[in-house]
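For ligands, and for the atoms within them, numbers begin at 1 and follow the listed sequence.
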Amino acid sequence: MSNNQYFKGIDKIKFEGKASDNPLAFKYYNPDQLVAGKTMREHFKFAIAYWHSFCGQGADPFGAGTQNFPWDSNSDPLQAAKDKADAAFEFITKMGFDYFCFHDYDLIQEGNSLAESEKRLETITDYIKEKQKESGVKLLWGTANCFSNPRYMNGAATNPDFNVVAYAGAQVKLALDATMKLNGENYVFWGGREGYISLLNTDMGREQDHMARFLTMAKDYARAQGFKGTFFIEPKPMEPSKHQYDFDAATSIGFLHKYGLQDDFKLNIEVNHATLAQHTFEHELTVAANDNMLGSIDANRGDYQNGWDTDQFPNNVEETARAMMVFLKAGGLQGGGVNFDAKIRRNSTDLEDLFHAHIGGADTFARGLLVAEKVLNDNAFSSFIQNRYASFNDGKGSQFEQGKLTLQDLYAIASTNKSGINAISGKLELLENILNNHI
Ligand code: XLS
Ligand code: NI
Ligand code: NI
């Protein structure tokens with residue numbers, strides 16, 4: 001159980017700055033550096049995703065896993081889970097990150113019965129609680145994997161069979177218990193199977209009512225146990241379902257409001273889910289932020305030549321800078337952080353690749369943040385949007401905003417307008433240049 005068992009020869013990753021040629025050092029992510037009034041560490045609350053980094057073997061629909069993780073060799077599920085926890089905590093500590101995120105059965109293999117699973121979770125969370133104490137590593141959020149087991153092939157909370165809904169309820173109860181035991185700051189619902197393959201066999205309205213009922217029960221249970229954190233819905237339009245009910249930020253916000261869940265739930269926005277929904281990352285963040293729903297981020301990126309959830313590590317500085325502009329304007333995240341929901345490629349098979357991936361991801365976010373701060377402080381840029389809407393600042397425009405005009409008033413104003421309508425440039429090329437000049 002030493003702290004230097006799996007990633008031998010790699011020390012704690014340090015910030016060395018842009019001039020460093022050490023591949024195992026941060027070039028931009030300097031945890032203690034102040035940006036816009038907070039340290040980078042506080043802005044981001046970087047988290048490691050247990051599933052991609054320590055469970056995912058690199059299997060794809062065309063072939064078996066390629067990874068030979070040394071923590072995966074024990075055939076006893078409890079010992080294997082402990083070995084994995086040792087590897088995870090060694091890694092997180094060496095990265096210098098403060099947080100991790102998990103699904104229940106990332107921590108330990110699901111048992112053959114609910115009772116067996118419960119016992120296993122009990123044991124492994126005891127072990128992980130100790131590791132948290134030793135290392136100071138915190139839990140950003142927990143969640144339940146209600147999508148992998150075949151019992152969920154027709155959905156979990158939205159399954160047409162009540163017995164499956166009840167089973168999912170039991171599983172979420174145990175996942176909430178585990179999250180609270182490990183002092184989780186938040187809890188996530190991602191509904192991979194909460195959707196449909198065809199409306200020929202689906203009562204969508206009834207399924208959505210069921211989902212809302214289920215979320216309400218989960219929230220009520222956790223609150224009754226004293227859980228103070230935030231619940232996050234993680235929107236995604238499809239995959240594995242053909243159509244998922246939490247399609248995108250706007251759809252999810254509408255759903256939460258319809259069922260009165262908007263005060264306890266916020267959104268966890270994932271980059272690659274935004275692009276799958278034909279949106280940009282900055283679009284989804286903006287929709288969430290406008291409704292005060294920007295809870296947390298799952299950081300990754302898609303591949304723009306194909307259309308699935310490739311979950312690559314972030315490395316696009318411009319995309320991240322645009323996102324960080326929204327992030328800074330919104331005043332950061334409501335309780336969440338930046339979780340690297342990303343995986344190394346199937347043919348990245350050296351243990352150190354996991355370090356390169358997370359170093360690059362953290363540096364990309366740090367660069368994005370630094371660029372965003374500069375752009376927002378650039379008067380040529382920030383005054384532009386304000387001026388663009390100046391016609392609403394006083395006179396009839398201001399009365400319009402305040403709800404003091406009728407449609408007939410608009411008719412009268414348009415009819416008597418002597419100066420006509422002038423072309424006002426949107427100046428996009430200029431603004432793009434300003435952004436690029438700060439990169
Ligand atoms: C899958 C999701 C998943 C959630 C947690 O696409 O991103 O990993 O983050 O269940
Ligand atoms: Ni995803
Ligand atoms: Ni995710």
Side-chain angles (χ1 to χ4, degrees), residues 45-61 99-107 110 139-149 152 155-158 168 171-172 174-176 178-179 184-195 211 214-215 218 230-249 252 265-279 281 284-285 288 294-303 306-314 323 333 336-344 357-358 361:
K45 293 167 74 177
F46 282 136
I48 308 280
Y50 220 86
W51 53 104
H52 283 313
S53 292
F54 305 105
C55 310
Q57 293 281 337
D60 71 11
Y99 289 92
F100 72 111
C101 299
F102 69 80
H103 300 87
D104 42 6
Y105 302 132
D106 299 337
L107 300 183
E110 184 172 4
L139 175 59
L140 187 64
W141 50 260
T143 188
N145 178 337
C146 289
F147 43 89
S148 294
N149 191 297
Y152 297 126
T158 61
Q171 196 185 325
V172 167
L174 297 181
L176 280 164
T179 301
E185 296 184 13
N186 308 279
Y187 186 87
V188 162
F189 290 92
W190 169 65
R193 304 273 176 201
E194 313 296 20
M211 188 158 91
F214 188 97
L215 294 175
T230 305
F231 300 93
F232 298 138
I233 298 285
E234 185 177 320
K236 187 176 183 181
M238 63 187 119
E239 197 205 24
S241 295
K242 173 204 155 51
H243 180 101
Q244 278 166 224
Y245 294 136
D246 302 321
F247 192 92
D248 61 1
S252 303
F265 285 76
K266 307 228 176 280
L267 302 185
N268 180 30
I269 301 294
E270 179 162 321
V271 187
N272 206 167
H273 296 183
T275 54
L276 281 178
Q278 309 275 316
H279 300 308
F281 182 31
E284 288 294 83
L285 295 175
L294 181 52
S296 205
I297 286 175
D298 266 7
N300 58 25
R301 78 176 198 275
D303 180 308
N306 65 24
W308 66 87
D309 200 13
T310 58
D311 286 344
Q312 289 163 259
F313 274 83
L333 304 169
V338 175
N339 165 48
F340 289 108
D341 194 351
K343 57 187 177 212
I344 50 177
H358 285 88

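Between F100 and Y50, the ring planes lie tilted relative to each other; the angle falls in the 30° to 60° range.
Between the side chain of N272 and the main chain of N300, no donor-acceptor pair closer than 3.5 Å is present. No side-chain donor-acceptor contact under 3.5 Å links R301 to the backbone of Q312.
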Practice item. Could you check Y99 against E185 for side-chain contact (heavy atoms from CB on, under 4.5 Å), going step by step and ending with a plain yes or no? Key: CA-CA 10 Å; Y99 289 92; E185 296 184 13; 3.0 Å; yes
Exercise for review: Evaluate side-chain contact (heavy atoms from CB on, under 4.5 Å) for Y187 paired with V172, printing each intermediate quantity in order.
Suggested key: CA-CA 10 Å; Y187 186 87; V172 167; 3.8 Å; yes
Practice item. Determine, stepwise, if the pair F265 / F231 fulfils ring pair (Phe, Tyr, Trp, His ring centres under 6.0 Å). Key: CA-CA 5 Å; F265 285 76; F231 300 93; 5.2 Å; yes
Exercise answer: donor-acceptor pairs, residues 336-344 side-chain atoms, under 3.5 Å, sequence neighbours excluded:
{"unit_1": "N339", "atom_1": "ND2", "unit_2": "D298", "atom_2": "OD1", "d": "2.9"}
{"unit_1": "D341", "atom_1": "OD1", "unit_2": "W51", "atom_2": "NE1", "d": "3.0"}
{"unit_1": "D341", "atom_1": "OD1", "unit_2": "H52", "atom_2": "NE2", "d": "2.8"}

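With sequence neighbours excluded, the residues that form a ring pair (Phe, Tyr, Trp, His ring centres under 6.0 Å) with F313 are H358.
Within the protein, the N, O or S atoms lying under 2.8 Å from the Ni ion (ligand 3) are E234 OE2, E270 OE1, D298 OD2, D341 OD2.
With values rounded to the nearest 0.5 angstrom, N268 atom CG is found 8.0 Å from C101 atom SG.
Residues E194 and F214 have side chains not in contact (no heavy-atom distance under 4.5 Å, counting atoms from C-beta outward).
The minimum distance between the Ni ion (ligand 2) and any N, O or S atom of D309 involves atom OD2.
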Just list the N/O pairs, ligand 1 to protein, that are under 3.5 Å apart, with the distance for each.
{"unit_1": "ligand 1", "atom_1": "6 (O)", "unit_2": "K236", "atom_2": "NZ", "d": "2.9"}
{"unit_1": "ligand 1", "atom_1": "6 (O)", "unit_2": "H273", "atom_2": "NE2", "d": "3.0"}
{"unit_1": "ligand 1", "atom_1": "6 (O)", "unit_2": "D309", "atom_2": "OD2", "d": "3.1"}
{"unit_1": "ligand 1", "atom_1": "7 (O)", "unit_2": "E234", "atom_2": "OE2", "d": "2.7"}
{"unit_1": "ligand 1", "atom_1": "7 (O)", "unit_2": "E270", "atom_2": "OE1", "d": "2.7"}
{"unit_1": "ligand 1", "atom_1": "7 (O)", "unit_2": "E270", "atom_2": "OE2", "d": "3.4"}
{"unit_1": "ligand 1", "atom_1": "7 (O)", "unit_2": "H273", "atom_2": "NE2", "d": "3.3"}
{"unit_1": "ligand 1", "atom_1": "7 (O)", "unit_2": "D341", "atom_2": "OD2", "d": "2.8"}
{"unit_1": "ligand 1", "atom_1": "8 (O)", "unit_2": "W51", "atom_2": "NE1", "d": "3.4"}
{"unit_1": "ligand 1", "atom_1": "8 (O)", "unit_2": "D341", "atom_2": "OD2", "d": "3.1"}
{"unit_1": "ligand 1", "atom_1": "9 (O)", "unit_2": "E234", "atom_2": "OE1", "d": "2.7"}
{"unit_1": "ligand 1", "atom_1": "9 (O)", "unit_2": "E234", "atom_2": "OE2", "d": "2.8"}
{"unit_1": "ligand 1", "atom_1": "9 (O)", "unit_2": "D298", "atom_2": "OD2", "d": "2.9"}
{"unit_1": "ligand 1", "atom_1": "9 (O)", "unit_2": "D341", "atom_2": "OD2", "d": "2.9"}
{"unit_1": "ligand 1", "atom_1": "10 (O)", "unit_2": "H103", "atom_2": "NE2", "d": "2.7"}

